[in-house]
Number of protein chains: 2
Amino acid sequence: MKKTVFIFATLIIALLALIQLSKFSIVKGKSSLEYIIAAVAIVFFFVGLYINKRKNQSKTSLTKPNIDTQKIEDLGLSKREYEVLCKLAKGHSNKEIASLLFVSESTIKTHVSNVYTKLNVKRRTQAIQKAKELRILPH
Amino acid sequence: MKKTVFIFATLIIALLALIQLSKFSIVKGKSSLEYIIAAVAIVFFFVGLYINKRKNQSKTSLTKPNIDTQKIEDLGLSKREYEVLCKLAKGHSNKEIASLLFVSESTIKTHVSNVYTKLNVKRRTQAIQKAKELRILPH
DNA sequence: AGCAGATTGGTACTTTCGTATGAGTACAAT
DNA sequence: ATTGTACTCATACGAAAGTACCAATCTGCT
């Protein structure tokens, strides 16, 4: 935020400087008027480019990583169930997930079944899909 | 492409018009110089905004729907195998895919196995992942 | 202390998935 | 005509996934 303020302040100062400079140039000789105007045009053209690029960067960085905690709670997914869901989405088998989380395969099966019930799906492929649709897993 | 040329032509004409207008104004009275420069600045600021917005739109529309036919061939995936992969990625079971494509479940199993071999994966969840990484399926 | 929910794990069973193998058909290229 | 590739389908087996119970433990909260 401080950065933004600084940038805008710099821009305003630059604008004023350009105006003063142009006045000065005009007084000395009228021939360079086109150059002044062209310079102003170019500078503000790039300012426009820059501002828009900033905006789009912040927009994309906001829309992409929406792993939305609220919906996880709304669905009644527990912490552990969500962990299992994450591993599931990475393509691990139940046995592998069991190893990764240091519990038995039975436990993972229980969690997985609960996840299916809460997401209202029948298969793990559907669970992954739905979880991504609901933005509780990154795409 | 014609549209782009037209837009740029319009811009150049506008620039020249502004310069002439400013000359004319200067001759009539020097007091309005700041306004001229401010007008030029504003116009080109918005031109910059516009150009960049166009660029980003085309960029996002290009990067998103890259279902890349070349890589499908490179992997040696046949037409039918790719069809099966698509249904698979939508969360269907082998039996469901068999119904959708009007063949037996055995056939689907064969295709699915071949897809796994060609994608070098062990499970359908991994196949979906890999296919999306390789951009042969939409995200 | 006592309750609710979360976590863990087990048994038993069914279903789905995945692999291996063989084989018939169709179609295009050589 | 032969070869190769794609597509189809079957059988059989083993591995994973999924369901339906039940139960012990743990945790946070009142």
Side-chain angles (χ1 to χ4, degrees), chain A residues 67-134 136-137, chain B residues 67-134 136-137:
Chain A
I67 23 167
D68 154 5
T69 322
Q70 185 53 47
K71 207 161 282 174
I72 298 176
E73 286 183 38
D74 293 350
L75 291 165
L77 282 176
S78 75
K79 205 181 302 177
R80 204 59 162 169
E81 284 162 356
Y82 181 69
E83 274 186 277
V84 173
L85 177 58
C86 290
K87 306 296 182 187
L88 203 125
K90 291 190 176 175
H92 294 294
S93 69
N94 288 342
K95 201 176 288 183
E96 285 170 349
I97 300 173
S99 302
L100 290 170
L101 301 184
F102 305 104
V103 293
S104 82
E105 198 185 337
S106 301
T107 308
I108 300 302
K109 283 189 179 183
T110 308
H111 288 321
V112 170
S113 259
N114 291 334
V115 170
Y116 293 166
T117 306
K118 290 172 183 177
L119 289 184
N120 193 32
V121 295
K122 292 268 170 248
R123 276 178 284 286
R124 51 178 52 210
T125 47
Q126 293 177 339
I128 296 170
Q129 263 197 167
K130 193 117 180 199
K132 288 182 177 178
E133 274 174 28
L134 297 172
I136 63 181
L137 280 181
Chain B
I67 23 165
D68 153 6
T69 322
Q70 185 53 48
K71 205 161 284 170
I72 298 176
E73 286 184 37
D74 293 350
L75 291 164
L77 282 175
S78 75
K79 206 181 301 178
R80 204 59 163 167
E81 283 162 357
Y82 181 69
E83 274 186 278
V84 172
L85 177 57
C86 290
K87 305 296 183 189
L88 203 125
K90 291 189 176 175
H92 294 295
S93 70
N94 288 341
K95 200 176 289 182
E96 285 170 350
I97 300 173
S99 301
L100 291 170
L101 300 184
F102 305 105
V103 293
S104 82
E105 197 186 338
S106 302
T107 308
I108 301 302
K109 282 188 180 184
T110 308
H111 289 321
V112 170
S113 259
N114 291 335
V115 170
Y116 294 167
T117 306
K118 289 173 184 177
L119 290 185
N120 193 31
V121 296
K122 293 266 170 250
R123 277 179 283 286
R124 51 177 54 208
T125 48
Q126 294 177 339
I128 297 169
Q129 264 198 164
K130 193 118 181 197
K132 289 183 177 178
E133 276 174 28
L134 297 173
I136 63 180
L137 281 181

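The chains referred to below are lettered A, B, ... by the order of the sequence lines, with proteins before strands, and numbering in each begins at 1.
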Using every non-hydrogen atom in the two residues, find where [X] and [Y] come nearest and quote the distance to one decimal.
{"X": "A:L137", "Y": "A:A89", "value": "CD1-CB, 3.5 Å"}
{"X": "B:V103", "Y": "B:R80", "value": "CG1-NH2, 3.8 Å"}
{"X": "A:N120", "Y": "A:K130", "value": "O-NZ, 4.3 Å"}
{"X": "B:L85", "Y": "B:A131", "value": "CD2-CB, 4.0 Å"}

Using the test side-chain hydrogen bond (donor to acceptor under 3.5 Å, both in side chains), find all partners of A:E73 that sit at least two apart in sequence or belong to another chain.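 Once residues adjacent in sequence are excluded, A:E73 has no partner under the side-chain hydrogen bond (donor to acceptor under 3.5 Å, both in side chains) criterion.
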
With A:S113, which residues qualify under side-chain hydrogen bond (donor to acceptor under 3.5 Å, both in side chains), at least two apart?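 Once residues adjacent in sequence are excluded, A:S113 has no partner under the side-chain hydrogen bond (donor to acceptor under 3.5 Å, both in side chains) criterion.
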
Of all residues at least two apart in sequence or in a different chain, which pass the side chain to side chain contact (heavy atoms under 4.5 Å, CB included) check with [X]?
{"X": "B:Q126", "answer": "B:V121, B:K122, B:R123"}
{"X": "B:D74", "answer": "B:Q70"}
{"X": "A:S106", "answer": "A:S104"}

Heteroatom pairs (N/O) under 3.5 angstrom, protein to nucleotides 19-25 of chain D:
unit_1: D:dT19; atom_1: OP2; unit_2: A:S113; atom_2: OG; d: 2.9

What range of DNA chain C does chain A touch, first nucleotide to last, counting atoms under 4.0 Å from its heavy atoms? C:dA6 to C:dC17

Scan [range] against DNA chain C and write down, sorted by residue number, each residue with any heavy atom closer than 4.0 Å; if none is found, say none.
{"range": "residues 68-77 of chain A", "result": "none"}
{"range": "residues 99-107 of chain A", "result": "A:V103, A:S104, A:S106, A:T107"}
{"range": "residues 79-96 of chain B", "result": "B:S93, B:N94, B:K95"}

How long is the span from the CD atom in B:E83 to the CD1 atom in B:I97, to the nearest 0.5 Å?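 Taking CD in B:E83 and CD1 in B:I97, the distance rounds to 11.0 Å.
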
Distance check, rounded to the nearest 0.5 Å: A:T69 atom OG1 versus A:I136 atom CD1? 10.5 Å

Without decimals, in angstroms, what is the distance between [X] [atom1] and [N] [atom2]?
{"X": "B:I97", "N": "D:dC7", "atom1": "CD1", "atom2": "P", "answer": "15 Å"}
{"X": "A:N114", "N": "D:dG18", "atom1": "CG", "atom2": "P", "answer": "13 Å"}
{"X": "A:I108", "N": "D:dA17", "atom1": "CD1", "atom2": "P", "answer": "11 Å"}

Taking atom types as modelled and ignoring hydrogens, do the side chains of A:R124 and A:N94 form a donor-acceptor contact shorter than 3.5 angstrom? yes

Beyond-backbone contact of A:T107 with A:L101, side-chain heavy atoms, under 4.5 angstrom: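 No, too far: nothing below the 4.5 Å cut-off.
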
If you compare every side-chain N and O of A:R124 against the phosphate oxygens of D:dG18 (OP1, OP2), does one of them come in below 4.0 Å? yes

What do the steps show when you test B:L119 against B:L134 for side-chain contact (heavy atoms from CB on, under 4.5 Å), and what is the final call? CA-CA 10 Å; B:L119 290 185; B:L134 297 173; 4.0 Å; yes

Is a side-chain donor or acceptor of A:K118 paired with a backbone partner of A:G76 at a separation under 3.5 angstrom? yes

Worked verdict on B:L88 versus B:V115 for side-chain contact (heavy atoms from CB on, under 4.5 Å): CA-CA 11 Å; B:L88 203 125; B:V115 170; over 6 Å; no

Please assess B:I128 against A:T125 for the test side-chain contact (heavy atoms from CB on, under 4.5 Å), listing each intermediate value before the final yes or no. CA-CA 9 Å; B:I128 297 169; A:T125 47; 3.7 Å; yes

Measure the angle between the two terminal helix axes of the helix from C:dA1-D:dT30 to C:dT30-D:dA1, five base pairs each, and quote it to 10°. 40°

On DNA chain D, nearest-nucleotide positions of B:R123 versus B:H111: which is more 5'?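 Result: B:H111.
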
Set of salt bridge (Lys or Arg N to Asp or Glu O under 4.0 Å) partners for B:E133, sequence neighbours left out: none

